[in-house]
*Asks:* 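I'd like to ask some things about the structure below.
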Amino acid sequence: MTESASVRRSLPTWDQVATLRDFIHGRTYAAAVPIIRLNGEPPHAPGSALARVAEVNGALYEVTSHLCRRLYDELESGHPGPIAHASWDALLTITAAWHEDPELPDWVNGLLPVKPR
């Protein structure tokens, strides 16, 4: 049995979800700075490194937004189930990439998955 299957974390509050969403979206936006085009600039060449960064950046933003929407729906239902837990675990897994970020809210570090060294 995997660690995530054997240990069930408690679910976050609505505000914690919003805080984590804003943190991830902020990091996504910061990473997008090199790919932002000004009005009139041509699109990045298909298949170029900048086009790939733009695709990955957009995908991470959409995945994070989708997970948050699912989690909000579950929390709002009053009876959150496995979807809520899976969504929360996925958001924490995404956030683990920034576990050393000084702007990561303090309460998050204790919830992040521990990676073996």
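Basis for what follows: all heavy atoms, side chains included, without hydrogens, waters or symmetry-related copies. Quick caveat, the model's predicted, so the values are computed rather than measured.
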*Asks:* Who are the side chain to side chain contact (heavy atoms under 4.5 Å, CB included) partners of Val56, not counting sequence neighbours?
*Replies:* none
*Asks:* Report yes or no: does His99 contribute a side-chain atom to a donor-acceptor pair with the main-chain N or O of Ala96 at less than 3.5 Å?
*Replies:* yes
*Asks:* How long is the span from the CG atom in Leu20 to the CD1 atom in Ile94, to the nearest 0.5 Å?
*Replies:* 8.5 Å
*Asks:* Looking at every non-hydrogen atom in both residues, tell me the closest pair between Ala45 and Ala51 and how far apart they are.
*Replies:* O-CB, 3.3 Å
*Asks:* Sequence neighbours excluded, which residues qualify as side chain to side chain donor-acceptor pair (under 3.5 Å) partners of Glu62?
*Replies:* none
*Asks:* For residues 45-55, which residue pairs pass the salt bridge (charged side-chain N to carboxylate O under 4.0 Å, His left out) check, not counting sequence neighbours?
*Replies:* Arg52-Glu55
*Asks:* Please list, chain by chain and in numerical order, all residues satisfying salt bridge (charged side-chain N to carboxylate O under 4.0 Å, His left out) with Arg69, sequence neighbours excluded.
*Replies:* none
*Asks:* From the options Leu91, Val17, Thr19, select the one residue that forms a side chain to side chain contact (heavy atoms under 4.5 Å, CB included) with Pro12.
*Replies:* Val17
*Asks:* Taking Trp88 as the starting point, is it possible to reach Leu75 by hopping between hydrophobic residues whose side chains are less than 4.5 Å apart?
*Replies:* yes
*Asks:* Quick one: pull up CG in Leu92 and OG in Ser87 and give me the separation to the nearest 0.5 Å.
*Replies:* 11.0 Å
*Asks:* What pairs of residues pass the side chain to side chain donor-acceptor pair (under 3.5 Å) test when at least one of them lies in residues 20-36, not counting sequence neighbours?
*Replies:* Arg21-Tyr72, His25-Ser65, Arg27-Asp101, Arg27-Glu103
*Asks:* Do Leu111 and Thr95 come close enough that some side-chain heavy atom pair is under 4.5 Å?
*Replies:* no
*Asks:* With sequence neighbours excluded, tell me which residues meet side chain to side chain contact (heavy atoms under 4.5 Å, CB included) with Ala84.
*Replies:* Leu11, Leu71, Glu74, Pro80
*Asks:* Could you tell me the separation between the CG atom of Leu67 and the CD1 atom of Ile83, rounded to the nearest 0.5 Å?
*Replies:* 11.5 Å
*Asks:* Going by side chain to side chain contact (heavy atoms under 4.5 Å, CB included), name the residues that satisfy it together with Ala31, two or more places apart in sequence or in a different chain.
*Replies:* Asn57
